[in-house]
Amino acid sequence: MNVINSNTNDFLHNNVKVLKARVSRTAYQGMGVAVVALIIATLAACFFDTGKVSLDGIVHVQQTNYALWIMDAVPFIFGFWGQYSSTILAYEASALVIDQTKELRDKADSFEKQARHNVTHDLLTDLPNKELFYDRVEQAILSKGGDHEMLSILLIEVENYKQISDTLGRNGSDSLIKQVSVRLKSAFSAPATIARIDSNIFSLLLTGAESKQGVLAMAESIHRVLEESFFVDKVKLSTHTNIGIVHFPDHGGDVDTLVQRAGIALYVAQNSNKGYALYDSSYDAHSPKQLTLMSELNQAIERGELELYYQPKVDLRENRVSGAEALVRWNHPRHGLLNPDQFVPLMERTRMIQSLTQWVMKEGMAQSARWDQEGLRICVSINLSAKDLNNPELPDLIAGLKGRTEVNPECMLLEITESSIMTNPETALEIINRIDQMGFHFSIDDYGTGYSSLSYLKRMPLKELKIDRSFVEDILTDESDAVIVNATINLAHNLGLQVTAEGVSDIEVLKQLKREGCDVVQGYLIGKPMPAEQFSDWFKSKTRTSEKTVH
Ligand code: C2E
Ligand code: MG
Ligand code: MG
């Protein structure tokens, strides 16, 4: 603070000096003019009085002519006035500059604060997001863990959210979620952190509850509070809410385990008529496949149950299949082929995601190298998970795999999401830059669904923006989606990036995207994800008949 004040004082002092010097110069010029005028007036008065110009005459008029006395004073008045007004003016001007600088600095500070806030908060409800919630739970565990004081986590799910969203659209479901968040916030007097950790899931961290019975009573009251009807666009709506409850330290010693087990309790709550359930270890045995998967994931990689499928990408500028996105599948011995949505989010909650990323990178690079050797020009895109950009070991892992697989990195695109960058932008930027220096390229996946700062995007060595399928699918029917897609294409091009539209499943949508200058398309219209061998055959057949197949 003192440093700031002394800097401000120096700044003021220097400005005052500069401005004073300028005004003083003008005052001195005025003084000079006044002295010249005085001399001329004295000489003229002397000549008119005595008929000639002489020293005696000058002394005489100086003693007798009152007008000259006044004129004698003028240079001094100029001098004083100049000094006085220059000081006042200089101080006023400097103070003005300092005021304006401070105002600008305040504005920049508040923008920065807002940006920081947005990274840790849900934009719709302004509640803490998943990252901040996990952080708070970790802090609470650290500060209370020693005393073994009880902490409780409640996961609150709006079960029919998707149905409501399908019926009323995104605005309707957004409005419902906002109303739910307001009710939740106003329902608590006890210290609680309420967060929105998924589109339809809120989580609650309760510290210092008096008894387990008290927590159950609270869950019951939340259930009642959310049972009251909501109004969205004058439509009366009822929500079905489920609540899963866990206690620390009884049900887990870390945030990952606690949230995972609260998820199991949530599942049990869905099937109970109370609408809420407290976790019990016996639930694990009877829990549905999604919940038992978690324990099987570890071995899935070792047993070779994971497989990469490849979905084609078509370059509209060159009119050819130019690449493929690698999408992981799990050939589960009992449940059959599982899509990533059924297990990647589970892995992301724990450090297991690092093993998945490692496996996917190795397989994807090896496949890319094989295609390269066969002379097939297919660039492979790989999805990185949100947590990967926080892992400082990732660049070394990639460097090792690059050497081992002999892949051409120029042919690889690593897909990252906006939220994965914004969780910890400086670390992410450093990791991205290191990988970029090895020759790999980066793409922003699901663009438009997360919050990202253009100033960061501008600093990233990106090659591609992928517009999320939720915008692409409806461009012909939803005006705002059409505007978003068009704006994103222009933005990407202005940043020198290629644009890929994902989820293209309709020929009219593809034609519209082409008219708007979209560079690359991906979607069921062109091809669904398929195993590598099938993709190779498909690619060869398409390349042979490319004129007919690429629209
Ligand atoms: P994503 O990266 O946005 O992948 C695109 C998803 O959209 C894929 O689903 C793809 O099958 C699907 N899709 C493509 N075209 C269409 C279409 O025309 N219509 C419809 N309805 N869907 C289409 P998938 O394979 O289930 O992957 C889902 C998400 O799982 C991916 O979204 C990605 O975020 C994640 N994921 C997939 N593989 C990996 C992986 O290896 N590692 C990580 N960390 N995440 C992965
Ligand atoms: Mg992707
Ligand atoms: Mg995507």
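Start at 1 and go down the list; that is how both ligands and their atoms are numbered. Source: prediction; values computed, not measured. These values consider heavy atoms only, across backbone and side chains, with no hydrogens, waters or symmetry-generated copies.
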- Query: Got a protein heavy atom sitting under 4.0 Å from atom 25 (O) of ligand 1?
  - Reply: yes
- Item | Verify atom 38 (N) of ligand 1: protein non-hydrogen atom under 4.0 angstrom away | yes
- Task: Tell me which one of G527, P529, S385, P312 gets a heavy atom nearest to atom 11 (O) of ligand 1.
- Result: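 Checking each option, the heavy atom nearest atom 11 (O) of ligand 1 is found in P529.
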- Query: Nearest non-hydrogen atom to atom 6 (C) of ligand 1 belongs to which of Q522, Q342, R329, R469?
  - Reply: R469
List ligand 1 atoms under 4.0 Å from [X], heavy atoms only on the residue side.
X	value
E415	2 (O)
S505	18 (O)
D341	28 (C), 29 (C), 30 (O)
Q311	10 (C), 14 (C), 15 (N)

- Angle subtended at the Mg ion (ligand 3) by OD1 of D445 and OE2 of E502, nearest 10°: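 The two atoms subtend 120° at the Mg ion (ligand 3).
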- Message: Quick check: D446 and ligand 1, any N/O pair under 3.5 Å apart?
- Response: yes
- Could you tell me whether any N, O or S atom belonging to D468 is less than 2.8 Å from the Mg ion (ligand 3)?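 Under 2.8 Å: D468 has no N, O or S contact with the Mg ion (ligand 3).
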- Query: Does K528 have a non-hydrogen atom less than 4.0 Å from ligand 1?
  - Reply: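 Judged by the 4.0 Å heavy-atom criterion, K528 does not count as contacting ligand 1.
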- Item | Pair Q512-R515, side-chain donor/acceptor within less than 3.5 Å |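 On atom types as modelled, these side chains qualify, holding a pair under 3.5 Å.
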- Would E159 and Q270 count as having a side-chain donor-acceptor pair, cut-off 3.5 Å? no
- Item | Contact partition for I382 relative to ligand 1, non-hydrogen atoms under 4.0 Å |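 I382 to ligand 1: no contact under 4.0 Å from either part.
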